[in-house]
2 protein chains.
Amino acid sequence: MNAPRRVRTSAAVLPADGRRQNLSLVLQTLRRLGPSSRAQLAREVGVTKVTMSDLVAELISEGRVRDAGTAAQQGPGKPATLVDLDPAGLLTVAVDLSVPARLQAAVVDITGEMLHLEVREAAVDTESGRGVDPGVVVELVRSVLATAPHPVLGIGIGTPGVVDARGSVRTAPNLGWTDVALHDLVSDATGLPVLVTNDSDAATQAELSSSPGSEDLVLVQVGRGVGCGIVSGGRRVVGAHHAAGEIGHVTVGTDVGEPCSCGRRGCLETWLSVPRLRAALDAADPDDVVTVGGRRLAVALAPLVAALDLSEVVLAGPPELLEPLVPVVADGLSERLLPSPDGPLVVRLATHPDDIVLRGAAALVLWDRLGVV
Amino acid sequence: MNAPRRVRTSAAVLPADGRRQNLSLVLQTLRRLGPSSRAQLAREVGVTKVTMSDLVAELISEGRVRDAGTAAQQGPGKPATLVDLDPAGLLTVAVDLSVPARLQAAVVDITGEMLHLEVREAAVDTESGRGVDPGVVVELVRSVLATAPHPVLGIGIGTPGVVDARGSVRTAPNLGWTDVALHDLVSDATGLPVLVTNDSDAATQAELSSSPGSEDLVLVQVGRGVGCGIVSGGRRVVGAHHAAGEIGHVTVGTDVGEPCSCGRRGCLETWLSVPRLRAALDAADPDDVVTVGGRRLAVALAPLVAALDLSEVVLAGPPELLEPLVPVVADGLSERLLPSPDGPLVVRLATHPDDIVLRGAAALVLWDRLGVV
DNA sequence: AGATTTAGTTAGTAACCTTTACTAACCGCT
DNA sequence: AGCGGTTAGTAAAGGTTACTAACTAAATCT
């Protein structure tokens with residue numbers, strides 16, 4: 001993702017690159033199947049038993065995989081000696097900056113378990129005052145890192161705003177940041193690989209990791225504003241300027257709409273946002289706001305779903321606010337799209353919406369460092 | 001693409017796979033740089049001179065690359081012996097079914113040169129009568145194939161309608177086809193690799209091949225209806241059901257719109273299509289139709305451009321009809337999107353709109369068989 | 001008990017790329 | 001001329017990777 005990566009569009013493939021890919025495949029397969037024998041892994045990945053023994057031996061020596069006892073007997077033949085992922089060797093630090101007043105970081109293992117979570121509640125004056133001190137993020141990371149029982153693979157950070165290829169935050173109004181070299185700050189402070197991503201993208205990665213069947217989906221994150229992450233063909237879309245998913249300020253509809261903070265009218269965010277939904281919930285009749293917001297979202301998503309032939313639309317955010325939105329968006333989309341012949345479009349809420357950015361940030365590190373999706 | 005391909009989501013990478021990838025890289029680099037020395041190729045691809053000599057030798061023995069004389073001297077050192085792509089060993093047959101009344105096929109070489117073009121003008125009664133006989137396509141391919149001066153790599157076919165993973169045309173109303181196993185028909189008749197693709201997708205591949213700088217673009221093909229092809233991160237988007245790009249029947253806008261042949265109202269096709277534009281051109285005041293159609297296209301594209309962070313919108317179709325559309329679409333998009341900080345969105349016509357599907361179908365074969373983009 | 005089946009290891013081989021060392025061919029300078 | 005320096009290309013040897021063939025180990029089936 002960010003810093004230590006090849007810039008070349010295409011590079012020669014050496015046998016060692018193939019080896020790394022195969023090691024990744026073993027880890028992925030173990031995650032999918034759980035404790036497995038070398039022979040089973042060999043069949044699954046498509047190499048011979050000999051090669052698999054060698055691959056597994058390398059992973060064991062690196063501490064990524066460990067012995068997992070003997071399999072219960074079931075049929076003839078020598079009983080299998082199982083191996084499994086070693087959570088101790090697959091730790092990451094994940095950071096969630098998506099709520100500036102409540103910065104979070106955690107040590108996460110390969111199973112998604114949070115070994116240690118820390119929160120910095122900061123009185124951020126987001127409206128007028130100055131923003132969040134990046135030093136707080138560095139301190140938070142250091143503090144969490146100190147609690148890790150084993151070396152970590154890297155640090156994943158999900159932040160609001162646009163993140164460039166070098167891991168700098170171009171603009172993040174909510175944090176009050178402009179051109180903050182977050183990658184370099186954290187990397188220099190820790191000496192570890194650091195991956196900085198947009199928070200919606202991190203959430204998308206989390207969703208992708210937790211439901212590996214879906215390869216074409218959009219995750220819409222509703223918060224202060226609206227952002228989205230897109231997966232097409234199993235890959236996250238990054239975009240020409242690393243700004244994919246920025247749909248909050250797209251004009252939606254052909255009527256005029258209300259004025260937006262960006263200076264134009266009819267942006268998606270003027271119809272749909274957490275503050276707006278929450279205000280409606282307090283008021284007498286929330287249905288109207290939900291219906292209007294949901295339908296506008298459907299209007300914006302329809303061309304996207306059709307053009308990319310997506311199979312899932314996932315909504316992430318406060319579940320109590322988004323839950324009533326689901327049927328509205330589903331209806332709105334089905335009215336605006338030709339029905340798909342191979343199964344209907346699924347509209348649903350995200351699977352663990354509370355720590356979705358944290359889990360996504362952790363998943364990003366695994367994906368970058370080990371190729372594990 | 002179609003038939004002879006791995007189904008597995010992920011498979012082990014053998015050293016031989018790396019070799020194939022490297023051979024592809026050599027061909028791609030030759031296409032990018034023109035005649036080159038082995039040493040230059042080695043530096044470019046990132047392997048040693050020794051390996052490059054070996055790779056080139058293999059390509060020469062396969063007839064894909066040929067000796068290209070000696071380089072003009074420029075500086076000290078032994079003058080380079082150049083090698084270049086051998087057009088004779090890189091022939092494909094491309095077929096364009098996008099205009100049912102005018103089926104085309106050609107032998108195309110790596111440079112895009114059409115060595116032999118044949119056309120079947122058929123009086124197709126698209127409205128009521130029965131559709132095009134798939135046998136005509138087979139005969140056309142056979143006829144063109146017979147003129148190829150050397151063995152061809154494969155046959156690429158661009159067809160209207162939705163094409164599934166096995167190369168069958170699910171539905172193509174314009175051709176009067178439902179579930180036509182085009183891949184198998186042509187493959188059985190010729191014994192060659194066959195790639196069947198949607199015509200918009202083929203056109204997109206052509207655009208991608210002719211301007212390799214653009215990695216995030218949408219190509220909108222305006223014909224009888226409207227379709228599009230999307231490239232994200234340098235890859236064509238195929239979609240969950242191989243139906244990406246089908247935007248013709250997305251409802252656009254929040255007003256009602258005119259009834260569409262699909263039974264709903266306000267589809268993009270009701271505002272924008274070649275028949276509609278042509279009729280307007282004949283009438284007194286074409287501006288209105290162009291403006292309305294262009295603006296509607298911008299309404300539909302805006303969420304797509306924002307969400308995917310595209311850098312280019314390319315229009316393909318009759319240039320005289322689409323040329324006035326370009327500024328309308330550009331204006332409509334800039335009104336509806338936040339301006340991109342890294343250079344503006346480019347809206348333009350496709351580079352060779354007449355034989356774009358043919359060139360794309362040829363490019364698809366090269367891409368599939370040799371990995372050459 | 002012996003055949004069969006499955007897991008895993010050992011030994012040898014083929015493919016791939018690299019490093020090192022070489023020859024060939026050219027320039028520029030004395 | 002002749003020599004040093006530079007670049008292109010080839011040859012030989014070595015390391016890595018994954019394969020096949022053949023083995024041992026340990027269970028079930030007959």
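As a basis for the values below, the full set of heavy atoms in this structure was taken, side chains included, without hydrogen atoms, waters or symmetry mates.
For the pair Gln40(B) CD and dT7(D) P, the interatomic distance rounds to 13 Å; values are reported in whole Å. Atom NZ of Lys78(B) and atom P of dG4(D) are 21 Å apart (whole Å). Rounded to an integer number of Å, the gap from CG of Leu14(A) to C1' of dA15(C) is 14 Å. Rounded to whole Å, atom P of dA14(C) lies 17 Å from atom CZ of Arg19(B). The CZ-P distance, from Arg20(B) to dC16(C), rounds to 10 Å in whole Å. When the P atom of dA7(C) is taken as reference, atom CG of Leu41(A) falls 11 Å away, rounded to whole Å. One interatomic measurement links the two molecules: CZ of Arg38(A) to P of dT24(D), which rounds to 20 Å at whole-angstrom precision. At whole-Å resolution of the value, CG in Asp67(A) and C1' in dG8(C) are 13 Å apart.
Asp309(A) and His241(B) share a side-chain donor-acceptor pair at under 3.5 Å.
Tested against Leu217(B) for a side chain to side chain contact (heavy atoms under 4.5 Å, CB included), the candidates Leu310(B), Val231(B), Leu308(B) yield a single pass: Val231(B).
Between Thr81(B) and dA8(D) there is no side-chain polar atom (N or O) within less than 4.0 angstrom of OP1 or OP2. A close approach under 4.0 Å does occur between a side-chain nitrogen or oxygen of Ser37(A) and OP1 or OP2 of dG8(C). Residue Ser53(A) places no side-chain N or O under 4.0 Å from the OP1 or OP2 atom of dG8(C). Using a 4.0 Å cut-off, no side-chain N or O of Arg43(A) falls inside it from OP1 or OP2 of dG8(C). Between Thr48(B) and dC17(C), a side-chain N or O to OP1/OP2 separation shorter than 4.0 Å is absent.
Ion pair Glu215(B)/Arg235(B) not flagged as a salt bridge, since none of the NZ, NE, NH1 or NH2 atoms sits closer than 4.0 Å to an Asp/Glu carboxylate oxygen. Using a cutoff of 4.0 Å between basic side-chain nitrogens and carboxylate oxygens, Arg19(B) and Glu58(B) are scored as salt-bridged. One finds a salt bridge joining Asp201(B) and Arg236(B) here, because a Lys/Arg side-chain nitrogen approaches an Asp/Glu carboxylate oxygen to under 4.0 Å.
Across dG9(D), dC17(C), dA7(C), the shortest atom-to-atom separation from the side chain of Ala39(B) is found for dG9(D). Closest to the side chain of Pro76(A), from the set dT28(D), dG9(D), dG8(C), is dT28(D). Of the candidates dT9(C), dA12(D), dA18(D), the closest approach to any side-chain atom of Val50(A) belongs to dT9(C).
Each of Met52(A) and Gly75(A) was assigned the nucleotide of DNA chain D with the nearest heavy atom; the assignment lying further toward the 5' end belongs to Met52(A). With DNA chain C read from its 5' end, the first of the two nearest nucleotides for Pro15(A) and Ala80(A) is the one closest to Ala80(A).
Using a 4.0 Å heavy-atom cutoff across all strands shown, Asn22(A) reaches sugar-phosphate atoms only and no base atom.
Interface remark: the Lys49(A) side chain does form a donor-acceptor pair with the dG8(C) base, using a distance-only criterion of under 3.5 Å.
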